Amino acid sequence: MSVKDKVVVITGASSGIGEATARQLAKDGAKLLLIARHEEVLKQIQSDFADGQIMTAAVDVTDFDGLKDAIKQANDQFGRIDVLFNNAGIMPLSPLSAGKRDDWQRTVNVNIMGVLNGIDAVLPYMHQQGSGHILATSSTAGHKVFPTFAVYSGTKFAVRAIMDGLRQEEAANHIKSTVITPGTVTTNLYKTIPGKEAQAAEASLHDNPNRSLRADDVALQVVRAIDTPANVSISEVNIRPIEQEA
Ligand code: NDP
């Protein structure tokens, strides 16, 4: 099966990497369930493609019941769940000494529990089908830590660990696991960093295409990882802008 007619669930589909992937997959004929907290952009994407091709759900990935319900509706409508792209994430960077406990908790809840909730919600369908593919967005910050990145990096290291555990546990069930580890990408993510100075520094980075990827660059690799023969599983996609060293 190629990407056409595959049923793909994408979290964090209202912006950046998730939106770019949704649009690319929709162009290629996939059937989609798009998830984010704010539904306006999801509805816009839906209206740009054929009637009935795209479902949307305003769900917070930390709300397991909401996620499970939306995925059940997609399975009822489309008849199967082939792929989950666990992509929603936040990045409220700060030094540990700032003691931003609420931000830490939110980052852990969205970036780690959100991914686990997605896995838990789709695995029963994939087991029943005897096939499936789960992808998750980690980061180059899931390989290397920088000052102010401790908590965010911790969640992205965790995503890699979870996805590698999933890969090993589900290999015999023919459920693929792919972790995407992008370097810097120009999206709205940097706008979630507290503090004008940090945002300005990030914004200057994002102005330079050699130092910051476009969301479409990442989306293309996500689609390639999905569009593999049944016996081929791409475990990790590591993608950086050309001048990024770390
Ligand atoms: P954006 O901020 O552009 O998009 C983030 C998406 O996640 C939005 O659709 C947002 O929608 C959604 N989201 C955030 N919190 C929740 C939640 N609680 N429940 C459901 N959806 C949520 O950022 P990116 O596209 O850059 O980020 C996508 C992923 O890529 C993240 O996991 C990020 O950590 C990772 N990444 C990004 C890099 C970059 O440089 N941009 C580099 C490496 C990894 P809404 O607000 O409507 O809920």
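Atoms within each ligand, like the ligands themselves, are counted from 1 in listed order. This structure is a prediction, so every number in the text was calculated from the model and none was measured.
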Within the 4.0 Å heavy-atom cut-off around ligand 1, the contacting residues, ordered by chain and number, are Gly12, Ala13, Ser14, Ser15, Gly16, Ile17, Ala36, Arg37, His38, Val59, Asp60, Val61, Asn87, Ala88, Gly89, Ile90, Val110, Thr137, Ser138, Ser139, Tyr152, Lys156, Pro182, Gly183, Thr184, Val185, Thr187, Asn188, Leu189
Which atom pair, heavy atoms only, marks the closest approach of Lys156 to Asn111? CE-ND2, 4.1 Å
Could you check whether Arg23 pairs with Asp48 (Lys NZ or Arg NE/NH1/NH2 to Asp/Glu carboxylate O, under 4.0 Å)? yes
Check ring-ring contact (aromatic ring centres under 6.0 Å, His included) between Phe64 and all other residues, then give those that pass, not counting sequence neighbours. none
In terms of side-chain geometry, is the basic nitrogen of Lys72 or Asp76 positioned less than 4.0 Å from the acidic oxygen of its partner? yes
Chi angles and distances behind the side chain to side chain donor-acceptor pair (under 3.5 Å) call for Asp69, Gln73: CA-CA 6 Å; Asp69 189 50; Gln73 286 184 36; 3.3 Å; yes
Matching residue for Arg106 among Asp102, Asp103, Asn109, Val108 - test: side-chain contact (heavy atoms from CB on, under 4.5 Å): Asp103
